[in-house]
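In what follows, chains carry the letters A, B, and so on, assigned in the order in which the sequence lines appear, proteins first and then strands, with residues in each chain numbered from 1. Model, not experiment: these values are computed from the prediction.
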Amino acid sequence: MTTPDPYSELIESVAEALVEIVGIDERKAFHQVRLSDRPGYGDLSLPLLRYTRTLNIKPDQLFESLKSKINSKTNLLSDHQLVRGYHNMYIDESKLALALSNTLREYGRLEPPKTRTPMVLVVEHTSANPIHPLHMGHARNTSLGDTLARLLKARGHRVNTRFYIDDVGRQMAVLALGVKLLGGDPLGMAKRLDMKPDKLLGYIYSITHLLLDIHKLTQSINDPAASEEEKLYYIRERDKLAARLVAVSQEAPGEIADKLIDAFSKLKETKEPEREVSEIMRSYENRLDEGIVSLIRETANASLKGFRETLSKLGVEFDNWDWESDLVWTGLVSKLIEEASKSPYVTVHKDALAIDLSPAMDEQEVREKIKIPKALEIPPLILVRSDGTTLYTTRDMAYTLYKFRQTGANKVVNVIGADQRLPQIQIRLALYLLGYKREALNTIHYAYEIVRLPGMRMSSRKGVFLGLDEVLDQTYNVALSRVEEKSPDLPLDEKEKVALKIAVGAIRYTMIATDPMRPIEYNVDRATNLDSNSGPYLQYTYARANGILRKAGEPDWDRIDYRAASDPTRRGLLIAAAQTPYYAAKAADDMEPVLLANHLLKLADRFNSWYQKDQVIREKEEETRNFKILLTIIVREALGMGLDLLGIPKTPRM
RNA sequence: GGGCCCGUAGCCCAGCCAGGACAGGGCACCGGCCUCCGGAGCCGGGGGUCCCGGGUUCAAAUCCCGGCGGGCCCGCCA
């Protein structure tokens, strides 16, 4: 049983009336209903001028017929006005308050209205390579993905969240080599060094990678075929990497760096390191060597243990963890390649098996549903390397099909950086041409722009990135000192819990409150910002409402003066609170969490403003006092619902 | 070279997809408010060529075309 939502029903009534009178389609009608704060503009309004011409009707005639149609569908409106071509509607605040009061009495909470078209949805997000700790780029991915999942679930869809463990491929092989050189057992190593395993592995990966690159450059420098100019370039490059190696080595714990450098030199004497990496990669992908299999699985699992720890702080959990290697080992990938090789679109590109994607560009269906840039030349997608190993895009095609098959999903949403747009388009086009049209057209690349550090780009390969754990820690410390200052009487463990909630709120809010298409430049001040445009501000306002209610106690629900809602400040606050489920539903439908975040900010502003000038507990008149308590409850429930959906932890005190 | 994305006050950002009524917030800045339900707050103030130029329209920050600036992508990496 879903809770009814008076405000959404009101919007729906207006939209339906518009559909019936003007004859536009429903989706469009919803967009035409304007919500306004400004006095004199109506609580809701419809611009009429755009219809009067096409319908050949006078504004006042249209206004009258809309008015009576709308009134036949809802009784929540008290007045309609025609002003300069706008149909302005005013909400009957007493009736709205009563309706919300009834909802809360019956269900005890607010929630977004359920969709009329529930679907099965997969949301794949985060999916960080298990070769280094999560950084702030992942924080954006995680926050968006987890929030989307929460919103869609609340909207009535069946949502399945998945994490793709990218354990096949060169990066993982490089890390495995490093771990092998250090004698294996990454988890034990982390324990001995008292360090998060993902962090330790991050160092091992960076150092190993640098050693390989330096080695390669050294070979180029010694190559007699190289010109003097080229040699100078290589030497400069090698010096840069060497400097980085020194920096990372100093930061790395224990004797890790020394041991690695030492073991790497020994390896060089007997074997070409690059060949060792390729062998690891190939024997893992083809499952030739159980020793390598357990080395890589153990290593990846150690990283994932660290990921889980961080993610659980952020309140993020996954329904499924999918190993990329399983897709290869169970034959899903090779089966797909086999199908592709029989396809009429198969071709050879640069001597490798590939699929020619250009025919898909002619399909109108494809152009419309997969957004293909008009003049984009899509290169053929290579499916298999000439050494027989597969590429990530090929495996991702198999994974896409896997996600549909495992869940019976209607749509698969993949939260992946915008920099991967082209390969993501290629994957969908290739699936389409192989006959998986439904899957191709219902796979959504939910793209977001990068998180930059001031002046530089994060690069895990170069060991340059802002770690999520570090940002969490810093924000936590700032929050803890604020809590100590503001609530000295809380017990210490309580203060710590609250400080963590604030840190999580600050980070998650920041990550979703900017349009995903806009790059974020990140400085630490911004992460630790607890001021008015922030998650903690919302948490603070929620705590404040709870503070009032703790002291005010339960209202007598049968003795509430709903007419007290007419005071303009209370009225504005009531309406804003009532809109919350509606905005949550819209945020889910449009897949734009920021819509809800912005609305909550406005609600919090209104509440704080009201709070300042209209005393609740000290109100003498009993029925008015009951109304004010009710209003506070409504606000608390609206904020609480919103915070839950955004994954920002609630705290009754802070 | 080609493609995609972004360009709104000193700074950060809503609004653009679904064109309409004075372009909204926040930070910073200036001035007020704590014997008073939680001051992480509230009230007030200054600050704008909505990147530029055309076009469509009764109406353009919003749609179209052309520029400019920045980011990203164009690999048998992921």
Side-chain angles (χ1 to χ4, degrees), chain A residues 24 27-32 34 36-38 40-41 45 47-50 53 83-86 88 127 129 131 166 168-172 349-354 371-379 382-387 389-393 395-396 417-423 425 447 449-450 452 457 461 479 482-483 485-487 502 513-515 517-521 525-526 529-534 536-541 543-552 590 594-595 597-598 601-602 604-605 607-619 628 632 653-654:
Chain A
I24 55 175
R27 194 179 147 68
K28 214 164 186 177
F30 265 94
H31 297 306
Q32 290 307 316
R34 309 297 158 89
S36 174
D37 284 339
R38 296 172 176 175
Y41 287 59
S45 64
L48 298 186
L49 288 182
R50 53 182 44 183
R53 187 165 299 197
V83 182
R84 289 203 274 170
Y86 283 85
N88 293 342
S127 298
N129 288 357
I131 52 166
D166 188 4
V168 178
R170 203 189 125 77
Q171 289 187 312
M172 195 64 217
H349 183 66
K350 297 185 189 171
D351 298 326
L353 184 73
K371 278 190 193 155
I372 312 286
K374 281 155 260 139
L376 182 60
E377 278 183 42
I378 301 245
I382 292 177
L383 296 169
V384 187
R385 288 194 189 93
S386 38
D387 71 355
T389 56
T390 54
L391 284 99
Y392 125 89
T393 35
R395 300 190 295 265
D396 209 14
D419 53 352
Q420 292 194 40
R421 230 176 211 136
L422 180 63
I425 287 174
E449 277 294 345
I450 53 169
R452 259 198 312 270
R457 199 192 159 171
R461 216 191 44 182
R482 278 308 262 294
V483 175
E485 172 193 324
K486 296 290 174 187
S487 308
I502 293 169
T514 296
D515 185 294
M517 279 296 90
R518 205 186 264 267
I520 295 179
E521 180 148 307
D525 293 347
R526 183 156 170 181
N529 166 35
L530 311 182
D531 289 331
S532 61
N533 185 357
S534 75
Y537 173 68
L538 298 177
Q539 292 170 307
Y540 170 75
T541 307
R544 184 181 242 184
N546 275 286
I548 296 172
L549 291 171
R550 243 189 327 271
K551 290 181 181 137
D590 296 354
V594 66
L595 295 177
N598 287 342
L601 209 56
K602 191 173 84 186
D605 284 343
F607 177 73
N608 285 320
S609 173
W610 171 63
Y611 161 90
Q612 210 74 25
K613 56 183 162 200
D614 199 11
Q615 300 254 317
V616 176
I617 295 172
R618 282 153 207 249
E619 171 62 49
K628 290 180 175 179
T632 308
R653 296 171 199 263
M654 63 188 273

Contact letters for nucleotides 14-19 of chain B, in which S counts primed atoms plus P, OP1 and OP2 and B counts the base, heavy atoms under 4.0 Å:
S---BS
Apply salt bridge (Lys or Arg N to Asp or Glu O under 4.0 Å) to A/Glu521 and A/Arg452, showing your working.
CA-CA 5 Å; A/Glu521 180 148 307; A/Arg452 259 198 312 270; 3.6 Å; yes
Of A/Ala604 and A/Pro47, the one whose closest RNA chain B nucleotide lies more 5':
A/Pro47
Any side-chain N or O of A/Tyr537 below 4.0 angstrom from OP1/OP2 of B/C42?
yes
Which letters describe nucleotides 23-30 of chain B, given B = protein heavy atom under 4.0 Å from base, S = only from sugar-phosphate, - = neither?
SS-SS---
Indicate yes or no for a side-chain donor-acceptor contact from A/Ser386 to the backbone of A/Ala352 under 3.5 Å, with no hydrogens or angles considered.
no
Taking the P atom in each of B/G10 and B/G47, what is the distance between them to the nearest angstrom?
12 Å
Residue set satisfying side chain to side chain contact (heavy atoms under 4.5 Å, CB included) with A/Arg50, at least two apart, ordered chain then number -> A/Gln32, A/Arg34
Counting heavy atoms not belonging to A/Arg27, are there more than 12 under 6.0 Å from its CZ?
no
Polar side-chain contact A/Ser36-B/A21 base: donor and acceptor under 3.5 Å
no
Using a cut-off of 4.0 Å on non-hydrogen atoms, how would the nucleic acid contact of A/Ser45 be classed: base, sugar-phosphate, or nothing?
base
Is there a stack between A/Tyr86 and B/A21, judged by ring centres under 5.5 Å and planes under 30°?
yes
For B/G75 and A/Lys350 - does any side-chain N or O of the residue sit under 4.0 Å from the phosphate oxygens OP1/OP2?
no
Starting at atom CD1 of A/Ile548, determine the distance to atom P of B/G41, rounded to an integer number of angstrom.
15 Å
Please determine whether a side-chain nitrogen or oxygen atom of A/Ser609 lies at a distance below 4.0 Å from atom OP1 or OP2 of B/C43.
yes
